[in-house]
There are 2 protein chains.
Amino acid sequence: MDVARLAGVSPSTVSRILNGTAKVSDDKRLAVLAAIDKVSFAPNQMAQGLKKGRSLTIGIVVQDISSPFFDETLRGIDDGLKGTGYASVIVSGHWNAEEEADRVRLLLARKVDGIILLSGRISDEAVLGFSSQRPIVSTGRALHTRTALGFKTDNEYGAWLAVRHLVELGHRRIAFISGPTNNHDADERLAGYRRALAESQIDIDPALVVEGNYHEASGMMAMNRLFDTHQQFTAVFAANDLSAYGARLALYRKGIRVPDDISLVGFDDLPGSSYTTPPLTTVRQPMYDMGRIATQALLRLINGDTVQGEIPPVELVVRETTRRVR
Amino acid sequence: MDVARLAGVSPSTVSRILNGTAKVSDDKRLAVLAAIDKVSFAPNQMAQGLKKGRSLTIGIVVQDISSPFFDETLRGIDDGLKGTGYASVIVSGHWNAEEEADRVRLLLARKVDGIILLSGRISDEAVLGFSSQRPIVSTGRALHTRTALGFKTDNEYGAWLAVRHLVELGHRRIAFISGPTNNHDADERLAGYRRALAESQIDIDPALVVEGNYHEASGMMAMNRLFDTHQQFTAVFAANDLSAYGARLALYRKGIRVPDDISLVGFDDLPGSSYTTPPLTTVRQPMYDMGRIATQALLRLINGDTVQGEIPPVELVVRETTRRVR
DNA sequence: CTGTTAGCGCTTTCAA
DNA sequence: TTGAAAGCGCTAACAG
């Protein structure tokens, strides 16, 4: 080590000072510190990692690097990592199980100390399998082993909240723009929609539920399909905010006022949803908190500590796209 | 190496097969491949990195992990990295030069092979300094050395485009919601606004330019300040889309129609801007392309190849928030 | 074509 | 309190 020579000590001594591993006499400490400063030395993390068996890096798997849906969660993770010395490498599974599994293997090869999986598409079994190599915490699943932990938001309840809100405002013809089929969350939101209607003795009209894929364009098209088939309705519940944005635009194009003519509610409460025109009534998922909590949990798993998976519940945020039916 | 024993060969042979470094007899190759498969072996990247002196990792410095402003660029980077074997560590400077410099040092200690700096706050000198350790490409600066490259979007021209568009629609009282003071890009956009007005012989009314900070809330407040001071205007140009969103909401609250009563134009063309109500006229920055191009350039710098820093120009995207003044 | 050897930069016994 | 030596997992030079 360069610094060691410069300070006239052995590499071990430098290491001891860097890590506070053992007592070192003050004169040597000073000399070493001076040398470190002089060369502006920073230990090679790869070498450290190789030796210590930990990389001080965690892996994060998202599905789309450029989606507002993941932004808040990433911020939560970032904050959760603050001051821990950990950094994160972020990879994307692109909503595809195969690719996602590949990414996880890639992270494992990079010797990340743990993995956070956001909206993963791989099976629980796959997660459990990977978790034998490194601890994993994942959103959207119910898991709880010594090395794998899941956090689940209650989609069914959230959807129920949204629809009940509309029902309470007097709406009875409520359209639903769903998420993609074969998506677990989407199924649950549909179930919540159904239950809320059933509880209010409102018949479910299949013609009123139209499929989307969580993107803006699909919300717009879904809305247009509703119009094209001449459906009657006074409110629409979109399975997520993005498709609500699309629906909103379709409404605007038709000259239909929100909320005066039609009420609209979304799901997620993306950062942008307080600044739509008008601000969107939606179901809030605590994404930031999830990121933070997941991170803290992962760090505990990495240390072999016990954890528990509790996150704040979803809640209805009433803004300005819903009103009493007249 | 475990695999080596299992296949009855030396570690070097395994390495050679993994890296294609030399000819290996077919029988041994098969045996090794089988062994690799059996143990599902993946080389330890930290060890590889330590040995080879490259980590196959690049560092990305953004200013805010959860801003739509960086999302598209990150996607461009992600795509640019696709198939290269590189992964990226993303850190945030939080719009703060000190913190940003710290992050860069952290990345350097992690032995990233290169760094992409987005909207950095540190000085060009600092960038140049760091670039002696690892190549750096940065947005928002004009740099061109063997290890540092800058890409600059023409903010002045973009702003000029926006304002000229409004002028051509007959607007003469055009308010400007600026970016934060002491921000280079923001200054340039202000300059473009001024030049466009000056070229059209329109006097610049200082009361019509009000300061924002690029966030939605500031756009809203700026708008309100304009109203509170009873300014007369028929159009407003916001220095970025986010503040345009805020301005839009302020307008909505006052019951002022866009674009019928007031025209609005933004800057950036965030993904969400095609789905605002109505869709926002704005100046498009080619963020995705910048990410992609920056990545390709960085990879070349890492290889010691020569590069050139060319990105597509900004362009006006006319959507539905502007109309001819009546 | 293949094995042996050395070493990347660090930490951690083990002695002294 | 400190240094010498070994080794983390891999690759590259050197023999053979």
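Heavy-atom basis, side chains included; hydrogens, waters and symmetry copies ignored. Quick caveat: nothing in here was measured; it's all calculated off a predicted structure.
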(request) Go along nucleotides 8-16 of chain D 5' to 3' and tag each nucleotide: B for a protein heavy atom under 4.0 Å from its base, S when only backbone or sugar atoms are that close, - otherwise. (result) BBBBBB---
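- At a cut-off of 3.5 Å, with distance as the only test, a side-chain donor of B:R110 or A:T57 sits close to an acceptor on the other residue.
- A:H184 pairs by the side chain to side chain donor-acceptor pair (under 3.5 Å) definition with A:E188, not counting sequence neighbours.
- Here B:R5 pairs with B:D2 under the salt bridge (charged side-chain N to carboxylate O under 4.0 Å, His left out) rule; sequence neighbours left out.
- Judged purely by distance below 3.5 Å, without hydrogens or angles, the side chains of A:S119 and A:Q63 never pair a donor atom with an acceptor atom.
- Atoms CZ (A:R5) and P (D:dT2) sit 20 Å apart, rounded to a whole Å.
- Phosphate proximity of C:dC1 to B:T13: absent, as no side-chain N or O sits under 4.0 Å from OP1 or OP2.
- Between C:dC1, C:dT2, D:dG3, one nucleotide has an atom nearer to the side chain of A:V9 than all others, and that is D:dG3.
- Side-chain contact annotation: A:S10 with A:T13, donor-acceptor N/O pair under 3.5 Å present.
- At whole-Å resolution of the value, CZ in B:R29 and C1' in C:dT2 are 13 Å apart.
- No side-chain donor-acceptor contact under 3.5 Å links A:D113 to the backbone of A:I58.
- In this structure, CD1 of B:I17 is placed 12 Å from P of C:dC1, rounded to the nearest angstrom.
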